[in-house]
K.L.:
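Here it is, the structure, as structure tokens.
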Amino acid sequence: MATEKNYGNPELENKLRDRYFYTTDSNPEFLADVKKISRTIAHMCYQCGTCTGSCPSAPRSSYRIRLFMRRGVLGLEQEALNDPDLWLCTTCYSCTDRCPRDIAPTDVIMAMRNLAFKYDIVPRNFLKTVQLIYTTGHGVPNNDVNRAAREKLGLTADPPTTHSYPEFMPGIQKIMDHYKMKENADRILAEEGQ
């Protein structure tokens, strides 16, 4: 039996359906910021839904990229940046490959994530991943179990990444320091006592 997929929030659903939504909830600068960061024509989205139809996450979650595109066009900054689903995109670029208007919805999502990070709206597991990447070069560092499995398969114990070439870690840390990623992750987690 088919079921309706929505966010279960009638107020937000009505905002997203309203073609002439102009209220104080709307921030017109939000779309401008998204377009500037993403370098794509987000305002040209006509809500065909091809992005959501192409998304491998959509059938298995509440993630609907079309709704994030709509939030961007309407300037619904708070609704977009505070939605935990913003972080469900795996950046596979299926939506970008199939968009009939040559928009890059994946880049719109990445722009929204950058703006969310600017306001410290980041899931805690992402912040902990930032810390791991800073110290190891990996979001999921290699461990003894994986090393044993790799050797059993005839591979080197460590993959040809920063595990095998730790001399590249200072470069990774320099990039992360430039964007203050580790510094901000540490600060946010410390403020929350984590």
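If you read the sequence from its start, that first residue is 1, and numbering goes on from there.
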K.L.:
Between R39 and K35 (side chain of the first, backbone of the second, donor and acceptor by atom type, cut-off under 3.5 Å), is there such a pair?
P.N.:
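Not at all, since once roles are kept as given, no pair shorter than 3.5 Å links the two residues.
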
K.L.:
Which of these, T40, L115, V73, I109, sits in a side chain to side chain contact (heavy atoms under 4.5 Å, CB included) with V34?
P.N.:
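Single side chain to side chain contact (heavy atoms under 4.5 Å, CB included) partner of V34 among T40, L115, V73, I109: L115.
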
K.L.:
Taking all non-hydrogen atoms of both residues into account, name the closest pair between I121 and L81 and its distance.
P.N.:
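Shortest heavy-atom separation between I121 and L81 comes out as CG2-O, 3.2 Å.
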
K.L.:
Would you confirm whether N184, through its side chain, and K180, through its main-chain N or O, come within 3.5 Å as a donor-acceptor pair?
P.N.:
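Side chain of N184 to backbone of K180: a pair is present.
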
K.L.:
May I ask you to decide whether R147 forms a salt bridge with E151, counting only side-chain N to carboxylate O separations under 4.0 Å?
P.N.:
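Between E151 and R147 there is no salt bridge, as every charged N stays at least 4.0 Å from the carboxylate O atoms.
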
K.L.:
So, T91 and T106: side-chain donor and acceptor under 3.5 Å apart, yes or no?
P.N.:
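No, no side-chain donor-acceptor contact under 3.5 Å.
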
K.L.:
Count I, L, V, M, F, W, Y as connected when their side-chain heavy atoms are under 4.5 Å apart, and connections chain through other members. Are I41 and Y46 then in the same cluster?
P.N.:
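Different hydrophobic clusters.
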
K.L.:
Run the side chain to side chain contact (heavy atoms under 4.5 Å, CB included) check on D85 and L88 step by step: do they pass?
P.N.:
CA-CA 5 Å; D85 286 357; L88 293 178; 3.3 Å; yes

K.L.:
Do S164 side-chain atoms and D158 backbone N/O form a donor-acceptor pair below 3.5 Å?
P.N.:
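Side chain of S164 to backbone of D158, a donor-acceptor pair under 3.5 Å: yes, one is there.
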
K.L.:
Closer than 4.0 angstrom, basic N to acidic O: yes or no for R187 and D120?
P.N.:
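So R187 pairs with D120 through a salt bridge.
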
K.L.:
Indicate whether any N or O donor in one side chain lies under 3.5 Å from an N or O acceptor in the other, for N82 and Q78.
P.N.:
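Judged by distance alone, the side chains do pair up.
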
K.L.:
Quick check against the 3.5 Å criterion: does Q173 have a side-chain atom that pairs as donor or acceptor with the backbone of Y134?
P.N.:
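Here the side-chain-to-backbone pair exists.
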
K.L.:
Identify whether W87 and L189 are in the same connected component of the hydrophobic contact network (ILVMFWY, side-chain heavy atoms under 4.5 Å).
P.N.:
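Hydrophobic grouping puts W87 with L189.
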
K.L.:
Using atom types as modelled and distance alone, determine if a side-chain donor or acceptor of S26 lies under 3.5 Å from a backbone N or O of L74.
P.N.:
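Here the side-chain-to-backbone pair exists.
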
K.L.:
I'd like to know if the side chain of R101 reaches the main chain of M44, judged simply by a donor and an acceptor atom lying under 3.5 Å from each other, with no hydrogens or angles considered.
P.N.:
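Yes, because the side chain of R101 sits within donor-acceptor range (under 3.5 Å) of the backbone of M44.
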
K.L.:
Minimum heavy-atom separation for R71 to D83, with atom names?
P.N.:
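In this case the closest contact between R71 and D83 is NH1-OD2, 2.9 Å.
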
K.L.:
Is there a donor-acceptor pair under 3.5 Å between the side chain of D177 and the backbone N or O of I172?
P.N.:
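Such a contact is absent between D177 side chain and I172 backbone.
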
K.L.:
Checking R70 against Q47: is there a side-chain donor and acceptor pair closer than 3.5 Å?
P.N.:
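No - no donor-acceptor pair under 3.5 Å links their side chains.
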
K.L.:
Closest approach of R64 and T52, non-hydrogen atoms and distance?
P.N.:
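It is CD-CG2, 3.4 Å.
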
K.L.:
Are any of the side-chain heavy atoms of C92 and P56 separated by less than 4.5 Å?
P.N.:
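With C-beta onward as the side chain, the pair touches.
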
K.L.:
Taking N143 for its side chain and N146 for its backbone only, find out whether a donor-acceptor pair lies under 3.5 Å.
P.N.:
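Confirmed, N143 side chain pairs with N146 backbone.
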
K.L.:
Are any side-chain N or O atoms of H43 and backbone N or O atoms of L31, one a donor and one an acceptor, separated by less than 3.5 Å?
P.N.:
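Side chain of H43 to backbone of L31, a donor-acceptor pair under 3.5 Å: no, none is there.
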
K.L.:
Heavy atoms only: give me the nearest I133-G139 pair and the separation to one decimal.
P.N.:
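Taking I133 first and G139 second, the nearest heavy atoms are CG1-N, 3.5 Å.
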
K.L.:
Would you say Y165 has more than 12 foreign heavy atoms packed within less than 6.0 Å of its OH?
P.N.:
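Open: at most 12 neighbouring heavy atoms sit under 6.0 Å from OH of Y165.
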
K.L.:
Is F168 linked to V130 within one hydrophobic cluster, defined over Ile, Leu, Val, Met, Phe, Trp and Tyr using a side-chain heavy-atom separation of less than 4.5 Å?
P.N.:
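Unlinked, F168 and V130 end up in two clusters.
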
K.L.:
What do the steps show when you test V140 against L132 for side chain to side chain contact (heavy atoms under 4.5 Å, CB included), and what is the final call?
P.N.:
CA-CA 7 Å; V140 181; L132 284 171; over 6 Å; no

K.L.:
If you compare all heavy atoms of G49 against all heavy atoms of R66, which two are closest, and at what distance to 0.1 Å?
P.N.:
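Closest pair (atom of G49, atom of R66, distance): CA-CD, 3.5 Å.
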
K.L.:
Using the ring of each side chain (for Trp, its six-membered ring), is F68 parallel, tilted or perpendicular to Y63, with breaks at 30° and 60°?
P.N.:
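Because their plane-to-plane angle lies in the 30° to 60° range, the rings of F68 and Y63 count as tilted.
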
K.L.:
For M69, run the side chain to side chain contact (heavy atoms under 4.5 Å, CB included) check against C99, C95, P105 and tell me which one passes.
P.N.:
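Going through the options one by one, the only one that passes is P105.
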
K.L.:
Tell me the closest heavy-atom pair linking R98 and S54, and the distance in Å.
P.N.:
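Looks like CD-OG, 3.0 Å.
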
K.L.:
Check the hydrophobic clustering (I, L, V, M, F, W, Y; side-chain heavy atoms under 4.5 Å; chains of links allowed) and say if M112 and I37 are grouped together.
P.N.:
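M112 clusters together with I37.
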
K.L.:
Would Y93 and D107 count as a side chain to side chain contact (heavy atoms under 4.5 Å, CB included) here? Give the steps.
P.N.:
CA-CA 9 Å; Y93 280 88; D107 292 343; 2.6 Å; yes

K.L.:
Examine distances only and state if a side-chain atom of R150 and a backbone atom of T156 form a donor-acceptor pair shorter than 3.5 Å.
P.N.:
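Yes, R150 side chain to T156 backbone: donor-acceptor pair under 3.5 Å.
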
K.L.:
The test is side chain to side chain contact (heavy atoms under 4.5 Å, CB included); show your working for L127 and Q131 and say whether it passes.
P.N.:
CA-CA 6 Å; L127 297 172; Q131 291 175 326; 6.0 Å; no

